[in-house]
Amino acid sequence: MGTPQTTTKKKKNQNPESQFHFDLNLCSKNKDLRSAISLYEAAFSQRTRLNHHHFNSLLYLCSNSVTDPSLKELALEYGFRVFDHMLSIGIAPNEATITAAARLAAAKGDGDYAFELVKSMGKYSAVPRLRTYDPALYCFCEKLKAEKAYEVEKHMGLAGVIPEEEEIAALLRVSSETGMENRVYGYLHKLRNSVRCVSESTGKVIEDWFCGRRASEVGELNLEVGQIKDAVLRNGGGWHGQGWIGKGDWVVRRTSVDFSGECCSCSEKLVCVDIDNAETERFAQSVASLAMEREVKSNFSEFQHWLEEHNDYEVIVDGANIGLYQQNFSDGGFCVSQLEAVVNELYNESGKKWPLVVLHNKRFRALVENPSHRKLVEEWMDKGVLYTTPNGSNDDWYWLYATVKLKCLLVTNDEMRDHIFELLGTSFFLKWKERHQVRYTFVKGNLKLQMPPPYSSVIQESEKGSWHIPLAGDCSSEESGRRSWLCITRPSVAKALDEFSQSAVTSQNGDGLHCINNGLLNPCTGKTVASDDSSQIYDNNTTTMTGKRKERSSSGQSP
(Lines give C-alpha, C1' and ligand atoms only; values in the text may rest on other atoms or scores of the structure.)
Protein backbone atom coordinates (compact mmCIF):
# COMPACT_ATOMS: atom_id res chain seq x y z
CA MET A 1 0.00 0.00 0.00
CA GLY A 2 3.06 2.18 0.25
CA THR A 3 4.53 4.46 2.88
CA PRO A 4 2.92 7.88 3.34
CA GLN A 5 5.11 10.76 2.24
CA THR A 6 4.32 12.67 5.40
CA THR A 7 6.65 10.52 7.56
CA THR A 8 9.69 12.33 6.15
CA LYS A 9 8.65 15.42 8.14
CA LYS A 10 9.27 13.94 11.59
CA LYS A 11 10.15 16.31 14.32
CA LYS A 12 12.85 15.63 16.87
CA ASN A 13 11.80 14.01 20.15
CA GLN A 14 8.24 13.39 18.88
CA ASN A 15 6.53 10.33 20.42
CA PRO A 16 4.66 7.82 18.20
CA GLU A 17 1.24 9.21 19.16
CA SER A 18 2.21 12.78 18.27
CA GLN A 19 3.82 11.73 15.02
CA PHE A 20 0.75 9.68 14.06
CA HIS A 21 -1.49 12.66 14.85
CA PHE A 22 0.64 15.00 12.73
CA ASP A 23 0.79 12.65 9.75
CA LEU A 24 -2.92 11.78 9.91
CA ASN A 25 -3.89 15.45 9.87
CA LEU A 26 -1.88 15.91 6.67
CA CYS A 27 -3.64 12.91 5.10
CA SER A 28 -6.99 14.36 6.08
CA LYS A 29 -6.08 17.75 4.68
CA ASN A 30 -4.95 16.17 1.38
CA LYS A 31 -7.87 13.67 1.32
CA ASP A 32 -5.30 10.89 0.99
CA LEU A 33 -7.15 7.72 2.01
CA ARG A 34 -4.49 5.21 1.03
CA SER A 35 -1.78 6.92 3.07
CA ALA A 36 -4.12 7.27 6.03
CA ILE A 37 -4.86 3.53 5.93
CA SER A 38 -1.12 2.78 5.85
CA LEU A 39 -0.69 4.97 8.92
CA TYR A 40 -3.55 3.19 10.65
CA GLU A 41 -2.11 -0.28 9.85
CA ALA A 42 1.26 0.75 11.18
CA ALA A 43 -0.23 2.29 14.33
CA PHE A 44 -2.35 -0.80 14.93
CA SER A 45 0.63 -3.18 14.62
CA GLN A 46 2.77 -0.96 16.87
CA ARG A 47 -0.08 -0.62 19.38
CA THR A 48 0.01 3.14 19.13
CA ARG A 49 -2.66 4.68 21.34
CA LEU A 50 -5.41 6.23 19.25
CA ASN A 51 -7.86 8.81 20.51
CA HIS A 52 -11.31 10.04 19.49
CA HIS A 53 -9.93 12.56 16.99
CA HIS A 54 -7.86 9.90 15.21
CA PHE A 55 -10.83 7.58 14.70
CA ASN A 56 -13.07 10.39 13.49
CA SER A 57 -10.43 11.57 11.02
CA LEU A 58 -10.12 8.07 9.58
CA LEU A 59 -13.90 7.65 9.37
CA TYR A 60 -14.24 11.04 7.71
CA LEU A 61 -11.72 10.06 5.02
CA CYS A 62 -13.43 6.70 4.46
CA SER A 63 -16.95 8.14 4.24
CA ASN A 64 -15.83 10.88 1.85
CA SER A 65 -14.07 8.38 -0.42
CA VAL A 66 -17.07 6.12 -1.12
CA THR A 67 -18.08 8.34 -4.07
CA ASP A 68 -14.82 7.44 -5.86
CA PRO A 69 -15.35 4.05 -7.62
CA SER A 70 -11.64 3.25 -7.34
CA LEU A 71 -11.68 3.75 -3.56
CA LYS A 72 -15.19 2.70 -2.57
CA GLU A 73 -14.41 -0.93 -1.69
CA LEU A 74 -11.33 0.04 0.30
CA ALA A 75 -13.19 2.83 2.08
CA LEU A 76 -16.03 0.53 3.10
CA GLU A 77 -13.72 -2.22 4.30
CA TYR A 78 -11.58 0.01 6.48
CA GLY A 79 -14.39 2.35 7.48
CA PHE A 80 -16.35 -0.38 9.25
CA ARG A 81 -13.14 -1.87 10.65
CA VAL A 82 -12.13 1.48 12.17
CA PHE A 83 -15.62 2.01 13.60
CA ASP A 84 -15.69 -1.45 15.20
CA HIS A 85 -12.17 -0.91 16.59
CA MET A 86 -13.27 2.36 18.16
CA LEU A 87 -16.23 0.72 19.89
CA SER A 88 -14.19 -2.27 21.02
CA ILE A 89 -11.77 -0.14 23.04
CA GLY A 90 -14.58 1.78 24.73
CA ILE A 91 -14.41 5.15 22.92
CA ALA A 92 -17.97 6.48 22.68
CA PRO A 93 -18.91 7.83 19.26
CA ASN A 94 -20.16 11.40 18.93
CA GLU A 95 -22.45 12.88 16.29
CA ALA A 96 -19.61 13.19 13.74
CA THR A 97 -18.70 9.55 14.27
CA ILE A 98 -22.26 8.30 13.76
CA THR A 99 -22.72 10.51 10.71
CA ALA A 100 -19.60 9.10 9.06
CA ALA A 101 -20.58 5.51 9.89
CA ALA A 102 -24.14 6.11 8.61
CA ARG A 103 -22.72 7.41 5.33
CA LEU A 104 -20.68 4.23 4.99
CA ALA A 105 -23.77 2.10 5.65
CA ALA A 106 -25.82 4.02 3.10
CA ALA A 107 -23.02 3.71 0.53
CA LYS A 108 -23.25 -0.05 1.04
CA GLY A 109 -26.99 0.16 0.44
CA ASP A 110 -27.85 -0.66 4.05
CA GLY A 111 -30.29 2.08 5.02
CA ASP A 112 -31.56 0.03 7.95
CA TYR A 113 -28.13 -0.01 9.59
CA ALA A 114 -27.67 3.71 8.89
CA PHE A 115 -30.97 4.38 10.64
CA GLU A 116 -30.15 2.04 13.54
CA LEU A 117 -26.95 3.99 14.11
CA VAL A 118 -28.95 7.21 14.45
CA LYS A 119 -31.45 5.59 16.81
CA SER A 120 -28.59 4.31 19.00
CA MET A 121 -27.17 7.78 19.65
CA GLY A 122 -29.11 8.23 22.87
CA LYS A 123 -27.01 5.68 24.72
CA TYR A 124 -23.92 7.69 23.84
CA SER A 125 -25.55 11.00 24.87
CA ALA A 126 -25.05 12.23 21.31
CA VAL A 127 -27.58 14.52 19.60
CA PRO A 128 -28.37 13.93 15.90
CA ARG A 129 -28.29 16.69 13.32
CA LEU A 130 -29.88 16.90 9.90
CA ARG A 131 -26.74 15.50 8.27
CA THR A 132 -26.93 12.48 10.60
CA TYR A 133 -30.33 11.50 9.23
CA ASP A 134 -29.53 12.17 5.57
CA PRO A 135 -27.75 8.88 4.75
CA ALA A 136 -30.65 6.68 5.90
CA LEU A 137 -33.28 9.00 4.43
CA TYR A 138 -31.68 9.24 0.99
CA CYS A 139 -30.91 5.52 0.92
CA PHE A 140 -34.56 4.62 1.55
CA CYS A 141 -35.76 7.21 -0.96
CA GLU A 142 -33.42 5.95 -3.69
CA LYS A 143 -34.59 2.38 -3.10
CA LEU A 144 -38.25 3.59 -3.16
CA LYS A 145 -38.80 2.34 0.39
CA ALA A 146 -41.32 5.09 1.09
CA GLU A 147 -42.63 3.86 4.45
CA LYS A 148 -39.12 3.57 5.87
CA ALA A 149 -38.30 7.06 4.61
CA TYR A 150 -41.41 8.37 6.39
CA GLU A 151 -40.25 6.61 9.55
CA VAL A 152 -36.93 8.48 9.35
CA GLU A 153 -38.78 11.76 8.90
CA LYS A 154 -40.96 11.02 11.92
CA HIS A 155 -37.87 10.28 14.03
CA MET A 156 -36.38 13.59 12.86
CA GLY A 157 -39.46 15.42 14.07
CA LEU A 158 -39.29 13.78 17.49
CA ALA A 159 -35.64 14.87 17.73
CA GLY A 160 -36.50 18.44 16.77
CA VAL A 161 -34.62 18.21 13.46
CA ILE A 162 -36.29 20.11 10.62
CA PRO A 163 -35.84 18.87 7.03
CA GLU A 164 -34.73 21.38 4.42
CA GLU A 165 -35.46 21.60 0.71
CA GLU A 166 -33.20 18.71 -0.33
CA GLU A 167 -34.72 16.32 2.20
CA ILE A 168 -38.30 17.38 1.39
CA ALA A 169 -37.59 16.99 -2.33
CA ALA A 170 -36.35 13.43 -1.74
CA LEU A 171 -39.50 12.59 0.22
CA LEU A 172 -41.61 14.25 -2.46
CA ARG A 173 -39.93 12.19 -5.16
CA VAL A 174 -40.35 8.82 -3.41
CA SER A 175 -43.99 9.70 -2.69
CA SER A 176 -44.55 10.64 -6.32
CA GLU A 177 -42.88 7.53 -7.71
CA THR A 178 -44.81 5.23 -5.38
CA GLY A 179 -48.13 6.96 -6.07
CA MET A 180 -48.69 8.32 -2.56
CA GLU A 181 -50.76 11.34 -3.57
CA ASN A 182 -51.63 12.47 -0.04
CA ARG A 183 -47.95 12.48 0.86
CA VAL A 184 -47.13 14.43 -2.30
CA TYR A 185 -49.73 17.01 -1.35
CA GLY A 186 -48.37 17.27 2.18
CA TYR A 187 -44.75 17.62 1.09
CA LEU A 188 -45.64 20.38 -1.38
CA HIS A 189 -46.96 22.36 1.57
CA LYS A 190 -43.93 21.51 3.71
CA LEU A 191 -41.80 22.77 0.84
CA ARG A 192 -43.94 25.89 0.69
CA ASN A 193 -43.23 26.59 4.36
CA SER A 194 -39.54 25.75 4.05
CA VAL A 195 -38.34 27.78 1.06
CA ARG A 196 -39.45 30.84 -0.85
CA CYS A 197 -38.52 29.42 -4.25
CA VAL A 198 -37.37 25.96 -5.27
CA SER A 199 -34.22 24.75 -7.02
CA GLU A 200 -34.29 23.45 -10.57
CA SER A 201 -33.87 19.88 -9.33
CA THR A 202 -36.82 20.21 -6.96
CA GLY A 203 -38.84 21.84 -9.72
CA LYS A 204 -38.14 18.78 -11.89
CA VAL A 205 -39.49 16.47 -9.14
CA ILE A 206 -42.68 18.55 -8.95
CA GLU A 207 -43.02 18.63 -12.72
CA ASP A 208 -42.61 14.85 -12.96
CA TRP A 209 -45.45 14.30 -10.50
CA PHE A 210 -47.93 16.55 -12.27
CA CYS A 211 -47.02 15.09 -15.66
CA GLY A 212 -47.50 11.52 -14.41
CA ARG A 213 -50.53 9.26 -14.78
CA ARG A 214 -51.26 9.04 -11.05
CA ALA A 215 -51.57 12.81 -10.68
CA SER A 216 -54.27 12.93 -13.35
CA GLU A 217 -56.31 10.30 -11.52
CA VAL A 218 -56.48 11.82 -8.06
CA GLY A 219 -58.66 14.66 -6.94
CA GLU A 220 -61.96 15.70 -5.41
CA LEU A 221 -64.92 16.54 -7.62
CA ASN A 222 -67.28 17.93 -5.01
CA LEU A 223 -65.76 20.63 -2.82
CA GLU A 224 -67.91 23.38 -1.36
CA VAL A 225 -67.10 26.90 -2.51
CA GLY A 226 -67.38 28.28 1.00
CA GLN A 227 -65.16 25.56 2.42
CA ILE A 228 -62.32 26.42 0.02
CA LYS A 229 -62.64 30.19 0.48
CA ASP A 230 -62.74 29.89 4.27
CA ALA A 231 -59.64 27.68 4.23
CA VAL A 232 -57.74 30.18 2.08
CA LEU A 233 -58.66 33.00 4.45
CA ARG A 234 -57.80 30.93 7.52
CA ASN A 235 -54.40 29.99 6.09
CA GLY A 236 -53.33 33.54 5.28
CA GLY A 237 -53.93 33.33 1.52
CA GLY A 238 -52.07 31.45 -1.17
CA TRP A 239 -53.25 27.94 -0.30
CA HIS A 240 -56.27 26.08 0.99
CA GLY A 241 -54.91 22.69 2.08
CA GLN A 242 -58.14 20.82 1.30
CA GLY A 243 -56.63 18.40 -1.22
CA TRP A 244 -56.46 18.12 -4.99
CA ILE A 245 -59.29 19.91 -6.77
CA GLY A 246 -60.81 18.09 -9.73
CA LYS A 247 -59.50 15.26 -11.90
CA GLY A 248 -57.92 14.97 -15.29
CA ASP A 249 -54.58 15.80 -16.90
CA TRP A 250 -52.45 18.64 -15.60
CA VAL A 251 -50.65 21.08 -17.89
CA VAL A 252 -47.24 22.28 -16.71
CA ARG A 253 -45.76 25.39 -18.29
CA ARG A 254 -42.72 27.51 -17.58
CA THR A 255 -43.79 31.11 -17.44
CA SER A 256 -43.35 34.41 -15.59
CA VAL A 257 -45.48 36.65 -13.43
CA ASP A 258 -46.02 40.32 -14.23
CA PHE A 259 -45.53 43.25 -11.88
CA SER A 260 -49.10 43.04 -10.58
CA GLY A 261 -48.92 39.33 -9.79
CA GLU A 262 -50.76 37.99 -12.83
CA CYS A 263 -49.50 34.71 -14.28
CA CYS A 264 -48.57 35.26 -17.91
CA SER A 265 -49.71 31.75 -18.80
CA CYS A 266 -53.09 31.25 -17.12
CA SER A 267 -53.91 34.84 -16.04
CA GLU A 268 -54.43 33.74 -12.44
CA LYS A 269 -53.72 36.51 -9.93
CA LEU A 270 -51.18 35.55 -7.29
CA VAL A 271 -51.59 36.90 -3.76
CA CYS A 272 -49.48 38.35 -0.98
CA VAL A 273 -49.30 35.50 1.52
CA ASP A 274 -49.83 36.30 5.20
CA ILE A 275 -49.34 34.20 8.31
CA ASP A 276 -52.44 32.16 9.09
CA ASN A 277 -55.12 33.02 11.65
CA ALA A 278 -53.76 30.68 14.31
CA GLU A 279 -50.23 32.08 13.91
CA THR A 280 -51.61 35.63 14.06
CA GLU A 281 -53.41 34.95 17.32
CA ARG A 282 -50.34 33.28 18.85
CA PHE A 283 -48.22 36.20 17.64
CA ALA A 284 -50.54 38.75 19.30
CA GLN A 285 -50.62 36.77 22.54
CA SER A 286 -46.83 36.46 22.53
CA VAL A 287 -46.37 40.20 22.04
CA ALA A 288 -48.86 40.98 24.82
CA SER A 289 -47.27 38.49 27.20
CA LEU A 290 -43.76 39.82 26.66
CA ALA A 291 -44.94 43.43 26.84
CA MET A 292 -46.61 42.90 30.22
CA GLU A 293 -43.46 41.25 31.54
CA ARG A 294 -41.42 44.33 30.65
CA GLU A 295 -43.96 47.16 30.85
CA VAL A 296 -46.13 48.28 33.72
CA LYS A 297 -48.78 45.59 33.43
CA SER A 298 -51.74 47.88 34.09
CA ASN A 299 -50.61 50.33 31.40
CA PHE A 300 -50.43 47.71 28.66
CA SER A 301 -53.67 46.08 29.79
CA GLU A 302 -55.32 49.48 29.52
CA PHE A 303 -54.05 49.77 25.96
CA GLN A 304 -55.44 46.32 25.12
CA HIS A 305 -58.87 47.29 26.42
CA TRP A 306 -58.73 50.59 24.56
CA LEU A 307 -57.82 48.79 21.34
CA GLU A 308 -60.79 46.43 21.68
CA GLU A 309 -63.08 49.46 21.63
CA HIS A 310 -61.19 51.20 18.82
CA ASN A 311 -60.50 48.26 16.53
CA ASP A 312 -61.31 49.80 13.15
CA TYR A 313 -57.92 51.23 12.23
CA GLU A 314 -56.40 50.06 8.97
CA VAL A 315 -52.92 51.56 9.41
CA ILE A 316 -50.70 51.94 12.49
CA VAL A 317 -47.91 54.54 12.38
CA ASP A 318 -44.63 54.37 14.31
CA GLY A 319 -44.56 58.08 15.16
CA ALA A 320 -41.04 58.24 16.58
CA ASN A 321 -39.51 56.43 13.60
CA ILE A 322 -41.02 58.93 11.15
CA GLY A 323 -40.43 62.05 13.25
CA LEU A 324 -36.74 61.21 13.71
CA TYR A 325 -36.14 60.10 10.10
CA GLN A 326 -32.91 61.66 8.74
CA GLN A 327 -32.64 64.00 11.72
CA ASN A 328 -29.15 62.96 12.77
CA PHE A 329 -27.55 66.37 12.16
CA SER A 330 -26.63 69.22 14.49
CA ASP A 331 -29.98 71.04 14.32
CA GLY A 332 -32.03 67.89 13.88
CA GLY A 333 -34.89 66.98 16.17
CA PHE A 334 -38.37 65.52 16.01
CA CYS A 335 -39.74 66.58 12.60
CA VAL A 336 -43.49 67.07 12.95
CA SER A 337 -43.91 67.99 9.28
CA GLN A 338 -42.73 64.52 8.23
CA LEU A 339 -45.23 62.84 10.53
CA GLU A 340 -47.97 65.20 9.34
CA ALA A 341 -47.20 64.36 5.70
CA VAL A 342 -47.54 60.61 6.42
CA VAL A 343 -50.80 61.04 8.34
CA ASN A 344 -52.36 63.21 5.63
CA GLU A 345 -51.22 60.90 2.86
CA LEU A 346 -52.72 57.86 4.54
CA TYR A 347 -55.94 59.73 5.25
CA ASN A 348 -56.36 61.01 1.69
CA GLU A 349 -55.57 57.75 -0.03
CA SER A 350 -57.59 55.41 2.18
CA GLY A 351 -61.09 56.75 1.79
CA LYS A 352 -60.79 59.47 4.44
CA LYS A 353 -59.89 57.10 7.28
CA TRP A 354 -57.42 58.26 9.88
CA PRO A 355 -54.45 56.07 10.83
CA LEU A 356 -53.40 55.50 14.43
CA VAL A 357 -50.11 57.15 15.40
CA VAL A 358 -48.41 55.60 18.43
CA LEU A 359 -46.18 58.12 20.18
CA HIS A 360 -44.38 58.15 23.52
CA ASN A 361 -45.80 60.54 26.11
CA LYS A 362 -42.55 62.50 26.46
CA ARG A 363 -42.62 63.36 22.76
CA PHE A 364 -46.31 64.19 22.95
CA ARG A 365 -45.70 66.60 25.83
CA ALA A 366 -42.86 68.29 23.98
CA LEU A 367 -45.11 68.85 20.97
CA VAL A 368 -48.00 70.20 23.04
CA GLU A 369 -45.70 72.62 24.84
CA ASN A 370 -44.51 74.00 21.48
CA PRO A 371 -47.03 76.68 20.36
CA SER A 372 -46.33 76.00 16.67
CA HIS A 373 -47.31 72.34 17.03
CA ARG A 374 -50.02 72.46 19.70
CA LYS A 375 -52.97 73.08 17.37
CA LEU A 376 -52.06 70.20 15.06
CA VAL A 377 -51.59 67.78 17.95
CA GLU A 378 -54.90 68.78 19.51
CA GLU A 379 -56.65 68.21 16.16
CA TRP A 380 -55.11 64.75 15.95
CA MET A 381 -56.30 63.97 19.46
CA ASP A 382 -59.82 65.11 18.63
CA LYS A 383 -59.87 62.93 15.49
CA GLY A 384 -58.54 59.82 17.19
CA VAL A 385 -55.18 59.87 15.42
CA LEU A 386 -52.90 59.69 18.48
CA TYR A 387 -52.32 57.14 21.21
CA THR A 388 -49.60 58.15 23.63
CA THR A 389 -47.72 55.52 25.59
CA PRO A 390 -46.90 56.23 29.26
CA ASN A 391 -43.58 57.38 30.68
CA GLY A 392 -41.13 54.53 31.12
CA SER A 393 -42.75 52.45 28.38
CA ASN A 394 -41.31 51.13 25.13
CA ASP A 395 -43.69 52.28 22.40
CA ASP A 396 -42.48 49.45 20.11
CA TRP A 397 -44.63 47.00 22.07
CA TYR A 398 -47.72 49.13 21.50
CA TRP A 399 -47.51 49.71 17.75
CA LEU A 400 -46.45 46.11 17.13
CA TYR A 401 -49.31 44.67 19.17
CA ALA A 402 -51.86 46.97 17.52
CA THR A 403 -50.70 45.99 14.03
CA VAL A 404 -50.81 42.26 14.76
CA LYS A 405 -54.09 42.34 16.67
CA LEU A 406 -55.92 44.43 14.06
CA LYS A 407 -54.26 42.63 11.12
CA CYS A 408 -53.50 45.95 9.50
CA LEU A 409 -50.59 47.82 7.94
CA LEU A 410 -47.65 49.34 9.82
CA VAL A 411 -45.76 52.40 8.59
CA THR A 412 -42.17 52.26 9.82
CA ASN A 413 -38.65 51.85 8.51
CA ASP A 414 -37.68 49.99 11.68
CA GLU A 415 -36.01 46.73 10.63
CA MET A 416 -37.38 45.15 13.82
CA ARG A 417 -34.08 43.49 14.71
CA ASP A 418 -33.83 44.82 18.25
CA HIS A 419 -33.91 42.69 21.37
CA ILE A 420 -37.68 42.81 21.78
CA PHE A 421 -38.17 41.40 18.30
CA GLU A 422 -35.58 38.68 18.84
CA LEU A 423 -37.68 37.51 21.78
CA LEU A 424 -40.52 36.75 19.38
CA GLY A 425 -38.51 34.34 17.22
CA THR A 426 -38.13 34.45 13.44
CA SER A 427 -40.08 31.47 12.15
CA PHE A 428 -42.84 33.57 10.61
CA PHE A 429 -41.69 37.12 11.37
CA LEU A 430 -40.26 37.81 7.92
CA LYS A 431 -43.44 36.64 6.21
CA TRP A 432 -45.51 38.85 8.50
CA LYS A 433 -43.31 41.89 7.85
CA GLU A 434 -43.51 41.41 4.09
CA ARG A 435 -47.28 41.49 4.21
CA HIS A 436 -47.79 44.31 6.73
CA GLN A 437 -44.85 46.74 6.70
CA VAL A 438 -45.08 49.98 4.71
CA ARG A 439 -41.73 51.71 4.24
CA TYR A 440 -41.29 55.37 3.38
CA THR A 441 -38.77 57.91 2.11
CA PHE A 442 -38.65 61.69 1.80
CA VAL A 443 -36.95 62.74 -1.43
CA LYS A 444 -36.41 66.50 -1.49
CA GLY A 445 -39.19 66.81 1.03
CA ASN A 446 -41.65 64.71 -0.96
CA LEU A 447 -43.09 61.62 0.71
CA LYS A 448 -43.02 58.24 -1.00
CA LEU A 449 -44.64 55.18 0.53
CA GLN A 450 -43.53 51.71 -0.47
CA MET A 451 -46.46 49.38 0.06
CA PRO A 452 -46.16 45.64 0.66
CA PRO A 453 -45.55 43.70 -2.58
CA PRO A 454 -48.70 42.85 -4.55
CA TYR A 455 -47.85 39.15 -4.34
CA SER A 456 -45.42 36.76 -2.63
CA SER A 457 -42.81 34.73 -4.47
CA VAL A 458 -43.66 31.49 -2.73
CA ILE A 459 -45.41 28.28 -3.77
CA GLN A 460 -49.09 29.14 -4.12
CA GLU A 461 -52.07 26.81 -4.36
CA SER A 462 -55.07 28.65 -5.75
CA GLU A 463 -58.56 28.21 -4.41
CA LYS A 464 -59.37 27.52 -8.04
CA GLY A 465 -57.14 24.44 -8.12
CA SER A 466 -53.95 25.60 -9.85
CA TRP A 467 -50.39 25.68 -8.53
CA HIS A 468 -47.66 28.25 -9.11
CA ILE A 469 -44.08 27.33 -8.18
CA PRO A 470 -41.30 29.99 -8.20
CA LEU A 471 -37.98 28.59 -9.42
CA ALA A 472 -34.59 29.41 -8.01
CA GLY A 473 -32.85 32.63 -8.83
CA ASP A 474 -32.23 35.68 -6.68
CA CYS A 475 -35.11 35.09 -4.29
CA SER A 476 -34.36 38.28 -2.36
CA SER A 477 -34.83 40.36 -5.48
CA GLU A 478 -38.06 42.23 -6.01
CA GLU A 479 -37.74 41.81 -9.77
CA SER A 480 -39.97 38.77 -9.68
CA GLY A 481 -41.11 39.37 -13.21
CA ARG A 482 -37.73 38.07 -14.35
CA ARG A 483 -38.04 34.85 -12.39
CA SER A 484 -39.26 31.63 -13.95
CA TRP A 485 -42.36 29.98 -12.50
CA LEU A 486 -44.06 26.65 -13.02
CA CYS A 487 -47.71 27.23 -13.86
CA ILE A 488 -49.64 24.00 -13.22
CA THR A 489 -53.29 23.87 -14.28
CA ARG A 490 -56.06 21.46 -15.23
CA PRO A 491 -57.81 22.55 -18.46
CA SER A 492 -60.76 20.29 -17.65
CA VAL A 493 -61.18 22.15 -14.39
CA ALA A 494 -61.34 25.49 -16.15
CA LYS A 495 -64.03 24.26 -18.50
CA ALA A 496 -66.14 22.80 -15.69
CA LEU A 497 -66.00 25.95 -13.61
CA ASP A 498 -66.66 28.20 -16.55
CA GLU A 499 -69.96 26.36 -16.74
CA PHE A 500 -70.38 26.73 -12.98
CA SER A 501 -69.77 30.49 -13.16
CA GLN A 502 -72.32 30.93 -15.95
CA SER A 503 -74.87 28.86 -14.02
CA ALA A 504 -74.29 30.88 -10.86
CA VAL A 505 -74.81 34.15 -12.75
CA THR A 506 -78.09 33.01 -14.32
CA SER A 507 -79.49 31.44 -11.16
CA GLN A 508 -82.24 33.56 -9.67
CA ASN A 509 -80.89 33.83 -6.16
CA GLY A 510 -77.22 33.74 -7.06
CA ASP A 511 -76.44 30.59 -5.11
CA GLY A 512 -78.08 27.84 -7.13
CA LEU A 513 -74.86 25.78 -7.02
CA HIS A 514 -72.96 25.16 -3.80
CA CYS A 515 -70.19 22.86 -5.00
CA ILE A 516 -67.10 23.35 -7.11
CA ASN A 517 -66.61 20.75 -9.81
CA ASN A 518 -62.89 20.68 -10.52
CA GLY A 519 -62.11 24.30 -9.54
CA LEU A 520 -61.97 27.39 -11.74
CA LEU A 521 -59.10 28.29 -14.03
CA ASN A 522 -59.04 30.88 -16.78
CA PRO A 523 -57.79 29.70 -20.18
CA CYS A 524 -54.19 30.46 -21.10
CA THR A 525 -53.89 33.87 -22.70
CA GLY A 526 -50.33 33.98 -23.91
CA LYS A 527 -50.09 37.47 -22.45
CA THR A 528 -46.60 38.95 -22.36
CA VAL A 529 -45.00 40.63 -19.38
CA ALA A 530 -45.75 44.33 -19.34
CA SER A 531 -43.12 45.21 -16.77
CA ASP A 532 -40.33 43.45 -14.92
CA ASP A 533 -40.57 45.71 -11.89
CA SER A 534 -42.74 44.07 -9.24
CA SER A 535 -42.02 46.58 -6.50
CA GLN A 536 -44.62 49.28 -6.10
CA ILE A 537 -43.61 52.76 -5.00
CA TYR A 538 -46.50 55.08 -4.29
CA ASP A 539 -46.01 58.81 -4.03
CA ASN A 540 -48.45 61.57 -3.11
CA ASN A 541 -50.24 61.20 -6.43
CA THR A 542 -50.46 57.43 -6.86
CA THR A 543 -50.79 55.77 -3.46
CA THR A 544 -53.02 52.69 -3.38
CA MET A 545 -53.89 51.27 0.02
CA THR A 546 -53.98 47.56 0.81
CA GLY A 547 -55.13 45.78 3.93
CA LYS A 548 -58.50 45.61 5.68
CA ARG A 549 -61.42 47.27 3.97
CA LYS A 550 -64.37 48.17 6.15
CA GLU A 551 -66.32 51.28 7.01
CA ARG A 552 -65.68 52.78 10.40
CA SER A 553 -66.45 55.93 12.32
CA SER A 554 -63.77 58.21 13.74
CA SER A 555 -62.62 57.44 17.23
CA GLY A 556 -60.79 59.52 19.73
CA GLN A 557 -58.54 58.81 22.68
CA SER A 558 -56.77 60.74 25.35
CA PRO A 559 -53.04 60.72 26.09
Between Phe283 and Lys405, is there a cation-pi geometry (under 6.0 Å to ring centre, at most 45° from the normal)? no
Can you tell me which residue pairs pass the side-chain hydrogen bond (donor to acceptor under 3.5 Å, both in side chains) test with a partner in residues 283-294, sequence neighbours excluded? Glu281-Gln285
Under 4.0 Å between a Lys/Arg side-chain N and an Asp/Glu carboxylate O for Glu95 and Arg131? yes
Please determine whether side-chain contact (heavy atoms from CB on, under 4.5 Å) holds for the pair His52 and Met86, giving the CA-CA distance in whole Å, both sets of side-chain angles, and the decisive distance to 0.1 Å. CA-CA 8 Å; His52 201 290; Met86 179 180 183; 3.5 Å; yes
Is the ring pair Tyr78/Tyr40 parallel, tilted or perpendicular, if the boundaries are 30 and 60 degrees? perpendicular
I'd like to know whether the aromatic ring centres of Trp467 and His189 sit less than 6.0 Å apart in this structure. yes
Counterpart residues, ring-ring contact (aromatic ring centres under 6.0 Å, His included), relative to His155 (two or more places apart): Phe115, Tyr133
Ring centroid separation Trp244 to Tyr185 under 6.0 Å: yes
Donor-acceptor pair, Asp318 side chain versus Thr412 backbone, under 3.5 Å? no
pair Asp249-Arg490: side-chain heavy atoms closer than 4.5 Å: no
For Phe44, does its backbone N or O pair with a side-chain atom of Thr48 as donor and acceptor, under 3.5 Å? no
Hits for side-chain hydrogen bond (donor to acceptor under 3.5 Å, both in side chains) against Ser70, two or more places apart or cross-chain, chain-then-number order -> Asp68
